Amino acid sequence: MTRPCLARRMLWSWVGLVYAFMYLPVAVIALFSFNASKIVAFPLQGFTLDWYVKVLGDGRILGGLGVTFLVAIPTAIAATVLGAMAALALTRSKLKHPIAFAALLFLPFLVPKVILAVAQLIVLSEVGIGRGLTTIVIGQTLIILPFTTLVVASVLVRLDPRLEEAAADLGADGGQIFRRILFPLMKNGLTAAFFVAFVLSSSEYVVTSFVSGRTQPLSILVASDFRFDLSPSLDALAVLMVVANLAIVAVGELVRLAGRR
Amino acid sequence: MAATADRGFRLAAPVATVLIVGCVLPLAVLFVYSFFRVDFVAIVHDPSFKNYVRVANSPTYRGLIGQAILSGGIVAAVTAVIGYPVAWAIAKRVVFAKSACLTLLLIPLYTGDLVRIFAWRVVLGAEGVVNSFLMWTGLVREPIRALLFSPFATHVVLTYDYLPFMVMGLWLAFESLDDRLLEAARDLGARETAIFLRIVLPLTSPGLVAGALMVFVLVVGDHLTPQLVGGSSGITVISAINDLFGTAFDWPLGSAIASSLLLILGLMVTVAALAVARSTWGRAVLGGE
């Protein structure tokens with residue numbers, strides 16, 4: 001029995017190493033955001049909260065945060081509603097060309113973001129549409145749609161279709177089945193999809209940078225700072241963004257798990 | 001049946017319309033633009049294959065496309081090797097908190113491209129975590145400069161960025177792998193290596209291909225990582241397209257490079273998808289569900 005034991009230990013060491021690899025950068029950023037030195041390098045100089053105070057008092061960053069919310073809320077709503085419709089179409093009805101529809105859905109994921117963005121840029125300039133809030137919301141909704149569809153579909157495939165059949169047999173029409181059976185059962189999936197979409201929207205950079213024009217969300221604002229300047233206040237900002245995202249994802253995940261029981 | 005078909009259409013049609021207007025139409029326009037040319041600051045609608053000839057005859061653009069495909073292949077292979085045991089452990093060895101394990105793996109994804117790249121610059125920099133550690137242990141006297149701003153750094157960060165996609169693909173395949181097949185093989189006297197090569201690997205191949213495809217496509221499309229941690233090696237085909245649409249102002253040439261890249265990617269994705277669907281194990285897995 002020594003060999004399986006060794007194999008198991010090796011497996012868990014490997015899994016542990018991979019998780020450590022995934023969290024190493026996050027941990028490093030967190031460490032330096034509390035470091036009392038302007039230079040992001042070892043050795044550590046002592047504990048401070050100054051960088052957080054500085055970031056939270058920065059009017060430009062708070063303004064960008066406001067734009068991020070203005071973008072992320074409509075984007076998350078649109079991506080969730082469209083994702084739910086797509087997931088329902090794929091899992092709860094007969095489509096003539098299900099594979100073609102699925103391929104169309106995942107096209108924004110498969111096409112490199114820059115190519116999609118420049119293509120949209122051409123259309124915007126041809127038609128003469130100015131870049132701003134609306135174009136960011138549309139651009140982001142398209143690339144987030146595959147993710148929200150998957151989240152809602154993962155909930156729908158677990159639901160027993162016999163519930164709907166029973167309701168139909170008892171005389172409920174399509175609208176009633178949706179309102180009284182499907183919707184309550186998929187509500188948690190919708191919430192989770194909304195949170196995932198919100199987080200993806202607030203951190204999206206590539207497409208946003210092409211279609212944003214002068215409306216600049218936080219992700220665009222900090223991009224220029226990130227490029228050449230590794231300052232601890234950016235560390236602090238990154239930690240705040242990670243913590244906020246984690247909180248949003250955790251809430252979404254808890255809601256989804258609560259609904260599965 | 002007619003009712004569900006009708007409902008399916010009513011649900012799918014608006015989504016399909018949004019995707020066609022927002023995604024397919026712009027790509028079609030991009031394709032059309034690839035036949036135009038630029039005259040100083042104006043785009044001349046005078047169709048020709050000149051841009052494609054330029055791309056095909058340019059060692060730079062050919063090289064960049066080849067390099068993107070090579071990088072995609074390397075990172076797909078590396079994430080497969082790293083991710084395979086992890087996906088197996090999560091699917092088959094974790095009893096409770098399975099979804100927490102998966103979520104934990106996905107959380108770094110939610111930090112955003114730039115935050116992650118920024119973090120890696122701190123980890124790999126001359127005064128970064130890895131170099132400080134190596135100097136502290138006395139293994140090296142001078143910081144290893146090549147850790148950051150090198151192809152090595154680019155591939156480390158790309159592997160980091162897209163590993164979760166590989167693990168997700170593999171995890172789905174492992175979840176649908178029936179343990180009784182392995183028990184039966186063991187009862188019939190198969191060795192562990194034979195079980196792995198003849199049962200586990202073939203049955204998880206669709207997940208492997210799906211994960212590899214996602215990673216491949218995402219790596220080819222990533223220009224921020226090479227640009228921000230790759231140093232002088234950071235020029236990619238995507239950043240070339242980016243430049244042609246920005247400072248260099250040659251939208252038609254940029255469109256031609258983008259269309260060529262999309263065509264190559266589309267071919268590779270289609271071939272891989274068909275290979276999975278056609279093969280006997282692919283049919284067994286897909287048909288068995």
Side-chain angles (χ1 to χ4, degrees), chain A residues 11-12 14-15 18-19 21-26 28-29 32 40-42 82 85-86 88-89 93-96 101 104-105 107-108 110-116 118-123 126 138 142 145 174 199-200 203 205-206 219 222-223 226-227 230 234 238 241-242 245-246 249 253 257, chain B residues 1 3-5 7-8 11-12 14-16 18-20 22-27 29-30 33 82 85-86 89 93 99 103-105 107-108 110-116 118-123 127-129 132 160 163 217 220-221 223-224 228 238 241-242 245 251 254 258 261-262 265 269:
Chain A
L11 176 72
W12 289 119
W14 185 252
V15 173
V18 171
Y19 274 82
F21 174 63
M22 293 308 290
Y23 280 88
L24 173 70
V26 183
V28 166
I29 286 203
F32 281 107
V40 182
F42 285 107
L82 290 171
M85 288 166 75
L88 281 168
S93 58
K94 287 258 179 292
L95 287 174
K96 263 189 200 150
F101 182 63
L104 185 63
L105 263 177
L107 192 65
L110 294 174
V111 173
K113 278 186 188 175
V114 170
I115 296 185
L116 187 60
V118 296
Q120 289 170 343
L121 196 67
I122 296 180
V123 171
E126 279 282 314
I138 294 170
L142 285 165
L145 187 54
V199 169
L200 289 175
S203 59
Y205 169 72
V206 178
S219 61
V222 296
F226 271 144
R227 273 172 199 250
L230 302 183
L234 285 175
M241 280 156 67
V242 170
N245 283 346
L246 277 184
V249 173
E253 196 64 14
L257 289 179
Chain B
M1 258 328 167
T4 58
R7 191 177 63 183
L11 283 167
V15 183
V18 169
L19 284 163
I20 288 169
C23 193
V24 178
L25 179 81
L27 290 175
V29 174
L30 178 94
Y33 256 70
I82 296 177
V86 178
R93 287 294 172 267
S99 75
T103 309
L104 268 177
L105 200 66
I107 279 170
Y110 294 120
T111 54
D113 305 333
L114 285 158
V115 175
R116 271 174 293 167
F118 174 55
W120 276 105
R121 281 167 68 144
V122 178
V123 173
E127 281 130 10
V129 178
S132 302
Y160 174 84
L163 180 64
V217 169
V220 170
H223 74 300
L224 283 177
L228 295 176
I238 297 289
I241 295 170
N242 197 6
F245 273 87
W251 290 16
L261 187 65
L262 282 183
L265 283 182
V269 171

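Values below: all heavy atoms of this structure, side chains included; hydrogens, waters and symmetry mates excluded. Naming convention: chains lettered A, B, ... in sequence-line order (proteins, then strands); numbering from 1 in each chain. What you see is a predicted model, and the numbers here were worked out from it, not measured in a lab.
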Chemist: What closest approach, in Å, do A:L110 and B:V217 show between heavy atoms, and which atom pair accounts for it?
Modeler: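 Looks like O-CG1, 2.7 Å.
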
Chemist: Any side-chain to backbone donor/acceptor pair from A:Q120 onto B:P26? Under 3.5 Å, distance only.
Modeler: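 Side chain of A:Q120 to backbone of B:P26, a donor-acceptor pair under 3.5 Å: no, none is there.
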
Chemist: If you count heavy-atom pairs within less than 4.5 Å of chain B, which of A:V114, A:V199, A:V118, A:L200 leads?
Modeler: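 Ranked by heavy-atom pairs under 4.5 Å with chain B, first place is A:V118.
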
Chemist: Please state whether the side chain, the backbone, both or neither of A:I29 comes within less than 4.5 Å of a heavy atom of chain B.
Modeler: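 It is the side chain, since no backbone atom gets that close.
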
Chemist: Report the distance from atom CG of A:L142 to atom SG of B:C23, rounding to the nearest 0.5 Å.
Modeler: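 One finds 6.0 Å between CG of A:L142 and SG of B:C23.
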
Chemist: What is the minimum heavy-atom distance between A:V15 and B:A89, and which atoms define it?
Modeler: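 Heavy atoms of A:V15 and B:A89 come nearest at CG2-CB, 3.7 Å.
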
Chemist: Check B:P85 against A:L11 and note the closest heavy-atom contact, atom names and distance.
Modeler: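 Of all heavy-atom pairs spanning B:P85 and A:L11, the closest is O-CD1, 3.6 Å.
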
Chemist: Looking at B:L261, B:L105, B:V123, which one has more heavy-atom pairs under 4.5 Å with chain A than the rest?
Modeler: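 Most pairs with chain A among the choices: B:L105.
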
Chemist: So which heavy atom on B:I82 is nearest to which on A:W14, and how close?
Modeler: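 Shortest heavy-atom separation between B:I82 and A:W14 comes out as O-NE1, 3.0 Å.
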
Chemist: Can you check whether A:P112 reaches B:L265 side chain to side chain, under 4.5 Å on heavy atoms?
Modeler: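 Heavy-atom side-chain distance check passes, below 4.5 Å.
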
Chemist: Taking all non-hydrogen atoms of both residues, which atom of A:L116 and which atom of B:G22 are closest, and how far apart?
Modeler: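 Heavy-atom minimum between the residues: CD1-O, 4.4 Å.
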
Chemist: Identify which of B:I20, B:L163, B:L30 forms the greatest number of heavy-atom pairs closer than 4.5 Å to chain A.
Modeler: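 Heavy-atom pairs under 4.5 Å are most numerous for B:L30.
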
Chemist: In terms of ring plane angle, is the pair A:F21 and B:Y160 parallel, tilted or perpendicular, where the classes change at 30° and 60°?
Modeler: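 Perpendicular, since the angle between the ring planes exceeds 60°.
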
Chemist: Would you name the heavy atoms of A:L105 and B:L19 that are closest together and state the gap between them?
Modeler: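 So the minimum-distance heavy-atom pair works out to CA-CD1, 3.7 Å.
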
Chemist: Among the options A:V111, A:I138, A:V206, A:I122, pick out the one with the most heavy-atom pairs lying under 4.5 Å from chain B.
Modeler: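 If we count pairs closer than 4.5 Å to chain B, A:I122 comes out on top.
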
Chemist: Taking atom CD1 of A:I115 and atom CD1 of B:I238, what is their separation to the nearest 0.5 Å?
Modeler: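 Here the rounded value is 4.5 Å.
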
